[in-house]
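Here is the structure we will look at, set down as structure tokens.
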Amino acid sequence: MILLVTAALAPVIIILLYIYFRDKYEKEPIGLLAMSLAAGAVIVIPVIFIEQLISSFNRSTTPLGDAAYNAFLVAALVEEGFKFLALYLLFRKNKHFNEKFDGIVYAVFISLGFAAVENIMYVSRGGMEVALVRMITAVPAHALFGVRMGYFFGIAQLYPELKKSYLPLAFIYPFLLHGFYDFMLMARVEWLLLLFIPYMILLYFIGFRKMKVTSDSSIYRNNIDIPL
């Protein structure tokens with residue numbers, strides 16, 4: 001069991017360290033990072049209950065309809081909604097939030113707090129094979145959804161004139177990305193499964209691009225990257 005927990009947490013720790021050291025100009029307080037992780041872990045509890053509740057209203061009569069309902073309205077809506085709520089409540093008025101990259105740091109830490117608990121649950125049931133698959137798919141995906149959330153949230157925080165347009169995007173983008181991710185897997189359609197690998201590559205590409213551009217420009221407050 002200890003080996004499985006280690007395997008479940010290893011990708012989380014690796015990504016956390018990468019994000020922490022990617023923050024080049026002003027490291028965030030360890031206490032706030034720990035709080036972000038804890039918040040992500042705690043929201044697993046209400047997420048489980050609300051997902052079960054919403055699942056009970058599923059009246060889909062086709063496999064694709066069922067997959068779309070569970071992917072978008074159950075998983076993506078609830079999980080990304082609670083991550084966004086945690087990010088907003090914790091950091092909308094935090095004095096340490098003073099760079100664009102801060103949004104990415106805190107959103108990814110919240111996302112990985114959630115992913116850590118979720119991964120332990122899956123790996124404890126599925127074993128090492130599940131741990132290895134999720135190491136390059138589900139765990140990085142949660143982090144990459146967090147990158148998009150944090151990117152738009154950071155701009156909304158630092159540019160009040162853009163808040164009305166960018167703050168909703170901090171939820172909409174990760175919601176859609178997460179929904180399509182789950183839909184491809186839940187639909188169990190061959191051509192969608194074939195698209196999954198290119199989709200993951202695209203998520204990685206966009207995520208790393210956003211991190212690079214945002215990190216490199218964080219010191220220049222007037223530099224706003226155009227969304228991709």
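One-based numbering along the sequence shown.
Applying the ring-ring contact (aromatic ring centres under 6.0 Å, His included) test to Phe84 and every residue at least two apart in sequence or in another chain returns nothing. Residues passing the ring-ring contact (aromatic ring centres under 6.0 Å, His included) test with Phe208 are Tyr18, sequence neighbours excluded. Under the side-chain contact (heavy atoms from CB on, under 4.5 Å) criterion, Ala67 pairs with Phe183, Met186, Ala187, sequence neighbours left out. For Tyr69, the ring-ring contact (aromatic ring centres under 6.0 Å, His included) criterion is met by no residue, not counting sequence neighbours. Every residue two or more places apart in sequence or in another chain was checked for a ring-ring contact (aromatic ring centres under 6.0 Å, His included) with Phe82, and none qualifies.
Atoms CG and CG, from Leu33 and Leu16 in turn, are 9.0 Å apart once rounded to the nearest 0.5 Å. Expressed to the nearest 0.5 Å, how far CZ of Arg22 lies from OG1 of Thr214 amounts to 9.5 Å. Here the CE-CD1 distance, from Met135 to Ile15, works out to 10.0 Å after rounding to the nearest 0.5 Å. In this structure, Ile48 CD1 and Leu53 CG are separated by 14.0 Å, a value rounded to the nearest 0.5 Å. A distance of 13.5 Å separates CZ of Phe109 from CG of Leu90, quoted to the nearest 0.5 Å. Atom CD1 of Ile43 is separated from atom CD1 of Ile50 by 10.0 Å, given to the nearest 0.5 angstrom.
Across all non-hydrogen atoms, the minimal contact from Val147 to Lys210 is CG1-CB, 4.0 Å. Nearest heavy atoms, Pro140 versus Thr137: CD-O, 3.4 Å. Pro11 and Val139 make their closest contact through CB-CG1, 4.0 Å (heavy atoms, listed as atom of the first residue, atom of the second, distance). Among all heavy-atom pairs drawn from Val108 and Gly146, the shortest one is CG2-C, 3.9 Å. Contact detail for Ala131 and Ala7: the closest heavy-atom pair is CB-CB, 3.9 Å.
Pairs of residues two or more places apart, or lying in two chains, never qualify as side chain to side chain donor-acceptor pair (under 3.5 Å) while including a residue from residues 186-197. Here salt bridge (charged side-chain N to carboxylate O under 4.0 Å, His left out) pairs that include residues 26-46, with residues two or more places apart or in two chains, number zero. Applying the side chain to side chain donor-acceptor pair (under 3.5 Å) definition to pairs two or more places apart or across chains, those involving residues 110-125 are Glu118-Arg134, Glu118-His142, Asn119-Arg134. Applying the side chain to side chain donor-acceptor pair (under 3.5 Å) test to every pair with at least one member in residues 38-58, sequence neighbours left out, gives these pairs: Asn58-Ser60, Asn58-Asp66. Pairs passing the salt bridge (charged side-chain N to carboxylate O under 4.0 Å, His left out) check and including a residue from residues 34-43, sequence neighbours excluded, do not occur.
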Exercise. For side chain to side chain contact (heavy atoms under 4.5 Å, CB included), just list the numbers for Asp23 and Asp102, CA-CA rounded to whole Å, side-chain angles, deciding distance to a tenth of an Å, and then say yes or no.
Key: CA-CA 8 Å; Asp23 189 10; Asp102 292 352; 4.2 Å; yes
Quiz item: So Tyr20 and Val105, side chain to side chain contact (heavy atoms under 4.5 Å, CB included) or not? Walk me through it.
Solution: CA-CA 7 Å; Tyr20 179 76; Val105 172; over 6 Å; no
Self-check item: Test side chain to side chain contact (heavy atoms under 4.5 Å, CB included) applied to Asp182 and Asn70, step by step
Solution: CA-CA 8 Å; Asp182 282 347; Asn70 287 317; over 6 Å; no
Quiz item: Should Leu87 and Lys83 be marked as a side chain to side chain contact (heavy atoms under 4.5 Å, CB included) after you check the CA-CA gap, both sets of side-chain angles, and the distance that decides it?
Solution: CA-CA 6 Å; Leu87 181 65; Lys83 292 176 193 175; over 6 Å; no
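Side chains of Phe153 and Phe97 form a contact here, defined as non-hydrogen atoms less than 4.5 Å apart. Side-chain contact between Phe57 and Leu73 is absent, with no heavy-atom pair separated by less than 4.5 Å. Taking the side chain as every heavy atom from C-beta outward, Met149 and Phe145 never approach each other to under 4.5 Å. Annotation: side chain of Leu177 is not in contact with side chain of Tyr181 (no heavy-atom distance under 4.5 Å). A heavy-atom distance below 4.5 Å is not found between the side chains of Leu193 and Val189. Side-chain contact between Met211 and Ile19: present, with at least one pair of heavy atoms (C-beta onward) separated by less than 4.5 Å. Using a 4.5 Å cut-off on side-chain heavy atoms (C-beta onward), Ile155 and Tyr151 make contact. A heavy-atom distance below 4.5 Å is not found between the side chains of Phe152 and Leu167.
No chain of hydrophobic side-chain contacts below 4.5 Å, direct or via other Ile, Leu, Val, Met, Phe, Trp or Tyr residues, connects Val42 to Tyr106. When the side chains of ILVMFWY residues are joined at heavy-atom separations under 4.5 Å, either directly or via intervening members, Leu89 and Ile104 end up in a single hydrophobic cluster. Cluster annotation: Val117 and Ile14 are assigned to distinct hydrophobic clusters (Ile/Leu/Val/Met/Phe/Trp/Tyr, side-chain heavy-atom contacts under 4.5 Å, transitive). Hydrophobic clustering (ILVMFWY, side-chain heavy atoms < 4.5 Å, transitive): Ile13 and Ile110 are in one cluster. The hydrophobic cluster containing Leu112 also contains Tyr204, counting ILVMFWY residues as joined when their side-chain heavy atoms lie under 4.5 angstrom apart, directly or transitively.
Between Phe171 and Phe175, the ring planes lie parallel to each other; the angle is under 30°, not in the 30° to 60° tilted range.
More than 12 heavy-atom neighbours from other residues, nucleotides or ligands sit within 6.0 angstrom of CZ on Phe72.
Summarising the hydrophobic clusters (Ile, Leu, Val, Met, Phe, Trp, Tyr; side-chain heavy atoms under 4.5 Å, direct or chained), the residues clustered with Ile45 are Phe49. Cluster partners of Ile201 are Ile197, counting Ile, Leu, Val, Met, Phe, Trp and Tyr whose side-chain heavy atoms approach within less than 4.5 Å, directly or via other members.
Between the Ser165 side chain and the Leu162 main chain, a donor and an acceptor come within less than 3.5 Å of each other.
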